[in-house]
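Structure first, then comments.
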2 protein chains.
Amino acid sequence: MTTTRLYRPTHRDAFELLESAFEDERLLTMFGLCEVQYEGRASSTLAPGQRLVIYKPDGTALVHTGENHEPVNWQPPGSTHNASVRDGQLRIRSTRSNPTEQLDVMFERVETISAYAVTDRSDLKLTGSEEDLRQWILDQPEVIEEGFDPIATERQTTAGPIDIFGTDNAGHPVVIELKRRRVGPSAASQLQRYVEAITAELSDTSTRGILVAPSITDRTASLLNKWDFEYCSVDIE
Amino acid sequence: MTTTRLYRPTHRDAFELLESAFEDERLLTMFGLCEVQYEGRASSTLAPGQRLVIYKPDGTALVHTGENHEPVNWQPPGSTHNASVRDGQLRIRSTRSNPTEQLDVMFERVETISAYAVTDRSDLKLTGSEEDLRQWILDQPEVIEEGFDPIATERQTTAGPIDIFGTDNAGHPVVIELKRRRVGPSAASQLQRYVEAITAELSDTSTRGILVAPSITDRTASLLNKWDFEYCSVDIE
DNA sequence: TTTTGAATGTCGTTG
DNA sequence: CAACGACGTTCAAAA
């Protein structure tokens with residue numbers, strides 16, 4: 001019995017299915033009229049409405065409305081779910097610790113509830129990440145500039161790891177901060193922290209900082225200019 | 001007819017329901033054996049497996065496995081969905097522009113498909129955000145320090161808006177950067193950009209920078225120290 | 001439409 | 001476990 005579905009079940013019947021599905025680590029979906037309360041890093045209440053609620057075998061809880069990518073409420077993986085029937089309501093409480101958080105979904109009416117056995121160990125193959133951009137540059141460092149010589153990736157400094165560290169034609173140290181998309185001021189600041197750290201470490205004030213991204217905002221360009229950093233437009237097409 | 005559900009439908013029957021549900025702007029959930037391809041800002045492929053797929057009236061598409069908060073694949077709101085049957089597969093293609101992106105979900109077998117009419121206009125009441133923390137400080141500015149006088153929130157500078165701008169006992173300008181949780185180096189850099197901008201604008205080198213957060217990392221403390229900024233521990237309990 | 005920064009961010013990697 | 005930064009980040013507000 002891989003799939004179990006109930007249509008407009010009594011709270012008692014829904015409760016039974018919830019209990020067994022939590023036990024068997026099945027994926028649960030519910031749709032119905034519910035209100036939601038959350039207490040943890042923040043607090044929230046959501047008045048009664050029709051929503052899709054999902055409970056995953058790993059402890060994740062998701063409350064989705066008819067809009068947006070993000071769930072309106074949720075509980076992260078590692079939470080434990082517990083169902084109960086009281087005051088004519090079906091309550092599912094998801095709790096976790098560190099930080100202590102609690103999500104309560106109170107169903108007034110359950111339209112449907114379904115439990116599925118999930119067997120899926122295939123993982124996503126994704127290309128186009130910053131990691132791919134880095135490899136692409138390492139394969140052809142001349143896209144940065146003629147004579148650029150990559151020495152290390154993830155080069156550690158007191159400020160954190162430098163995406164690509166190398167030297168230029170003149171042998172001066174070069175710090176490269178990579179971004180896969182158009183960037184704002186924070187990327188320039190990040191580069192600034194790394195350049196400052198490596199300048200101090202090497203006692204070499206000739207250290208150059210280069211921000212590599214498909215494009216940058218005006219304010220970011222101003223920051224780079226102020227700090228005498230450079231921008232190199234690179235887009236992995 | 002608010003809810004429609006099919007169990008192990010033929011691709012043709014699933015297709016019919018998809019078409020009508022997209023038309024009526026109903027919320028769709030599907031569970032079954034599918035593979036997924038995405039092309040857009042990045043590219044990805046996901047080998048066949050059992051997944052929960054959701055299509056929302058606003059154009060959102062979500063592909064969930066049995067693990068994690070985040071969908072393994074998705075399409076943002078504003079996308080348009082289109083179903084077709086070909087080569088013994090049921091394909092649902094979600095497309096959008098700016099940026100151009102495409103998500104294909106190919107079902108080999110559909111275990112269940114359900115369509116729901118969602119009517120939910122109640123919105124989330126959330127407390128504990130940075131906005132709340134700011135109001136809490138404005139109500140009792142002495143938690144920053146005796147004599148602190150808030151002048152403006154979201155005070156504009158060439159570097160962006162300052163969370164709280166004010167003056168201290170001595171009449172010196174004070175720039176406050178607020179964070180609702182433990183912060184890392186980026187928050188210190190953010191404060192640095194604002195202080196630099198306001199110092200230049202006012203030609204007042206006595207400008208103070210204060211990072212307000214429940215706690216900070218060691219590296220962040222070092223950065224604050226280097227720039228002669230201060231840290232004020234504030235936790236809205 | 002673009003920019004900017006918050007987020008109950010989540011997630012992976014590393015020390 | 002904390003820390004740090006990427007993310008197809010998403011999202012909302014403001015310019």
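The sequence lines fix the lettering, A, B, ..., with proteins before strands; numbering per chain opens at 1. Just so you know, these numbers come straight off a predicted model, no measurement behind them.
More than 12 heavy atoms of other residues, nucleotides or ligands sit less than 6.0 Å from atom CG of Asp139(A).
Taking atom P in both dG8(D) and dT4(C), the straight-line distance is 23 Å, to the nearest Å.
With salt bridges taken as basic N to acidic carboxylate O contacts below 4.0 Å, none links Glu130(B) and Arg180(B). In summary, Arg193(B) and Glu177(B) do not engage in a salt bridge, as defined by a charged side-chain N under 4.0 Å from a carboxylate O. At a threshold of 4.0 Å, the pair Lys125(B)-Asp123(B) counts as salt-bridged, since one of the basic side-chain nitrogens sits closer than that to a carboxylate oxygen.
The nucleotide dG8(D) finds no pairing partner, because no Watson-Crick or G-U wobble arrangement with both distances shorter than 3.5 Å includes it.
For Leu62(B) and dT9(D), the CG to P distance is 16 Å, given to the nearest whole Å. Remark: P of dG8(D) and CG of Asn98(B) are 19 Å apart, rounded to the nearest angstrom.
Ring pair Phe31(A)/Tyr116(B) is parallel by interplanar angle, where below 30° counts as parallel and above 60° as perpendicular.
Looking at Arg51(A), its side chain does come within 3.5 Å of a backbone N or O of Cys34(A) through a donor-acceptor pair.
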Heavy atoms under 4.0 Å is the rule here; annotate nucleotides 5-15 of chain C 5' to 3' with B where the base is hit, S where only the sugar-phosphate is, and - elsewhere.
SSSBSSS----
